2 protein chains.
Amino acid sequence: MKRFKIGELSVDSGTPLLSEGSSTPQVFTALSGMGLRYKTLETGERQVISFIMPGDFIGLQAAVMGEMQHSVEATTDMVLCVFDRSALWDLFKHEPQRAFDLTWVAAVEEHFLGETVASLGQRTGTERVAWALVRLYIHLSALDLRKGDSIPLPYRQQDLADALGLSLVHTNKILSSFRSKGLAVWKDSQLTVPSLEKLATIAALDPEREPIRPLI
Amino acid sequence: MKRFKIGELSVDSGTPLLSEGSSTPQVFTALSGMGLRYKTLETGERQVISFIMPGDFIGLQAAVMGEMQHSVEATTDMVLCVFDRSALWDLFKHEPQRAFDLTWVAAVEEHFLGETVASLGQRTGTERVAWALVRLYIHLSALDLRKGDSIPLPYRQQDLADALGLSLVHTNKILSSFRSKGLAVWKDSQLTVPSLEKLATIAALDPEREPIRPLI
DNA sequence: CGTCCACTTGACAGTCGTCAATAGGGGTGG
DNA sequence: CCACCCCTATTGACGACTGTCAAGTGGACG
């Protein structure tokens, strides 16, 4: 992969990395920090598509489709590995294994989006929030970012609400109920989950079946 | 592509093509007929992920991830082009252009799923139904399956409801209101849309911006 | 000290789900 | 040929979940 690496990029929190409709010459891999992937509807509402964590690949759509269909923004300071988009074709020609990995990444991404669709479509508000927290907890644990029963979660409640298709107020009330029941406490960009099992039960989710995310 | 083609498969309506959790040795391309891609949640509810139309690629997930994360079923009689899953690797090694196309397919699929997430998350029931109908209308028009202002739509209202995260009853009432307003009439597996513009307005959707789906 | 932003909380309204009953078609067996 | 059954579509009533509006708190920052 190093042959295609252009360099590293450090950005401050709040920086837009890619914008809907743009076609940047670069693609990224997140090395540290977190971000958001979102779409803006014609009506102005924002839908958060996914939360970006270290190891995530950013910009595949722009690379193969020529234009981004969603925006990406850093919510904390981030360090990114930068690749040249035009090198992608060389990858396919000369490094079939890497190209295959890339397709794998796309397929895994598709799988997670499918899960999201299922959650938005079939779960209630409470289940959705529990589901999201469990998923984030598992993912960040796998990334070795968990300390004890807490993970870093540098987002606003509004971000979670926009990801789950709930209003900010309602999301807040659900989080508040989790807090009073001791199921999950999200405060100061830290999420503490005393019992993942209990939360997973509410989410109607089997944590064992969650696949691992890819790393390139 | 012909080198990788094993043969053609004809199935009757109602036949399951792929099942969640299975790992079949084959992948398909739909040649004719329509189908459904869906997930079953732990709680038993069904979420329709997408509607399958001629030209769609089926089984990429199983091919690269080893196991399907959703099920696929034929809703009409279908004819499929069958490929050998193990040939996929040869494709990457010897036909980089085709491999790239495959990744492109995956990226486009990801884009449409992103649109779906945004719809389920941000649109109201009425908007969702209008959005789905517009999208189907555009897609089937592009496939040259439109006759006048009608397209074939061989699904049940329950399928649409499961795709949009709405109850059957509510979906029915929305369709009923569209019918009485002359916006869209769905009857006997035929959808008639007198004015795509009006429907697109309700959907809060710009039909011009809809990208074309890929064909392999 | 004033402003801004994120988070909270309460009240109220509307969308949407559930329950239930009915109608219409197609297929099967008598 | 007709009765019966099953599946899909339809419609009404009722209630719950969730959104909107509004007001208030507390911390960060200039």
Side-chain angles (χ1 to χ4, degrees), chain A residues 12-14 36 41 43-48 73 75-76 119-133 153-181 184-192 202-204, chain B residues 12-14 36 41 43-48 73 75-76 119-133 153-181 184-192 202-204:
Chain A
D12 292 338
S13 71
L36 276 181
L41 297 224
T43 50
E45 286 120 331
R46 182 182 73 149
Q47 173 68 43
V48 170
E73 195 173 304
T75 54
T76 68
S119 282
L120 298 194
Q122 305 299 141
R123 289 192 231 260
T124 67
T126 306
E127 291 167 348
R128 279 185 234 178
V129 174
W131 168 80
L133 296 183
L153 201 60
Y155 298 100
R156 298 170 306 159
Q157 294 186 356
Q158 182 73 65
D159 296 327
L160 183 62
D162 285 348
L164 299 178
L166 298 169
S167 70
L168 169 61
V169 173
H170 198 221
T171 305
N172 179 291
K173 285 171 183 168
I174 292 169
L175 287 171
S176 167
S177 93
F178 283 176
R179 200 182 315 132
S180 68
K181 289 176 189 160
V185 181
W186 181 16
K187 199 182 166 190
D188 298 331
S189 297
Q190 283 277 121
L191 172 68
T192 304
I202 292 179
Chain B
D12 292 337
S13 71
L36 275 182
L41 296 225
T43 50
E45 285 122 331
R46 182 182 73 150
Q47 173 67 44
V48 169
E73 195 174 302
T75 55
T76 68
S119 282
L120 298 194
Q122 305 300 142
R123 289 191 230 260
T124 67
T126 306
E127 290 166 349
R128 280 185 233 178
V129 174
W131 169 80
L133 296 183
L153 201 60
Y155 299 100
R156 297 170 304 158
Q157 294 186 356
Q158 182 74 63
D159 297 327
L160 183 61
D162 286 347
L164 299 178
L166 297 168
S167 71
L168 169 61
V169 173
H170 198 222
T171 305
N172 178 290
K173 284 170 181 166
I174 293 169
L175 287 171
S176 165
S177 94
F178 283 178
R179 199 182 317 134
S180 68
K181 289 175 189 159
V185 180
W186 181 17
K187 199 182 163 189
D188 298 331
S189 298
Q190 283 278 120
L191 173 68
T192 304
I202 291 180

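Everything numeric here is computed off the predicted structure, so don't read it as measured data. Naming: A, B, ... by sequence-line order, numbering from 1 per chain.
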- Item | Backbone N/O of Ala204(A) and side chain of Arg123(A): donor-acceptor pair under 3.5 Å |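 Looks like yes, one N/O pair under 3.5 Å.
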- Task: Indicate yes or no for a side-chain donor-acceptor contact from Trp186(B) to the backbone of Leu153(B) under 3.5 Å, with no hydrogens or angles considered.
- Result: yes
- Helix axis bend for the helix from dC1(C)-dG30(D) to dG30(C)-dC1(D) - C1'-based end axes, five pairs, 10° rounding: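 The end-segment axes of the helix from dC1(C)-dG30(D) to dG30(C)-dC1(D) are tilted 30° relative to each other.
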Scan nucleotides 16-20 of chain D against the protein and return all N/O pairs shorter than 3.5 Å with their distances rounded to 0.1 Å.
from    : atom 1 : to        : atom 2 : distance (Å)
dT18(D) : OP1    : Gly125(A) : N      : 2.8
dG19(D) : OP1    : Gly165(A) : O      : 3.2
dG19(D) : OP1    : Ser167(A) : N      : 3.2
dG19(D) : OP2    : Ser167(A) : N      : 3.0
dG19(D) : OP2    : Ser167(A) : OG     : 3.1
dG19(D) : OP2    : His170(A) : ND1    : 3.4

Compare every heavy atom of [Y] with every heavy atom of [X], then report the nearest pair and how far apart it is.
{"X": "Glu127(B)", "Y": "Thr124(B)", "value": "OE1-N, 2.9 Å"}
{"X": "Thr75(A)", "Y": "Ser13(A)", "value": "O-CB, 3.5 Å"}
{"X": "Ile202(A)", "Y": "Ala130(A)", "value": "CG2-CB, 3.7 Å"}
{"X": "Gln47(A)", "Y": "Asp162(A)", "value": "NE2-O, 3.0 Å"}

Once you round to the nearest 0.5 Å, how far does [atom1] of [X] lie from [atom2] of [Y]?
{"X": "Arg128(B)", "Y": "Leu160(B)", "atom1": "CZ", "atom2": "CG", "value": "11.0 Å"}
{"X": "Ser176(A)", "Y": "His170(A)", "atom1": "OG", "atom2": "NE2", "value": "11.0 Å"}
{"X": "Arg179(B)", "Y": "Ile174(B)", "atom1": "CZ", "atom2": "CD1", "value": "12.5 Å"}
{"X": "Lys187(B)", "Y": "Thr192(B)", "atom1": "NZ", "atom2": "OG1", "value": "10.0 Å"}

- chain B on DNA chain C: first and last contacting nucleotide, 5' to 3', under 4.0 Å to a heavy atom? dC16(C) to dC19(C)
- Query: Would you say a side-chain N or O of Gln157(B) is under 4.0 Å from OP1 or OP2 of dT10(D)?
  - Reply: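 For Gln157(B), the contact criterion (side-chain N or O under 4.0 Å from OP1 or OP2 of dT10(D)) is met.
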- Query: How many Å lie between CG on Asn172(B) and P on dT11(D), as a whole number?
  - Reply: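 Atom CG in Asn172(B) sits about 7 Å away from atom P in dT11(D).
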- Item | Whole-Å distance separating the CG atom of Leu175(B) from the C1' atom of dT10(D) |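 So the CG-C1' distance, Leu175(B) to dT10(D), works out to 11 Å.
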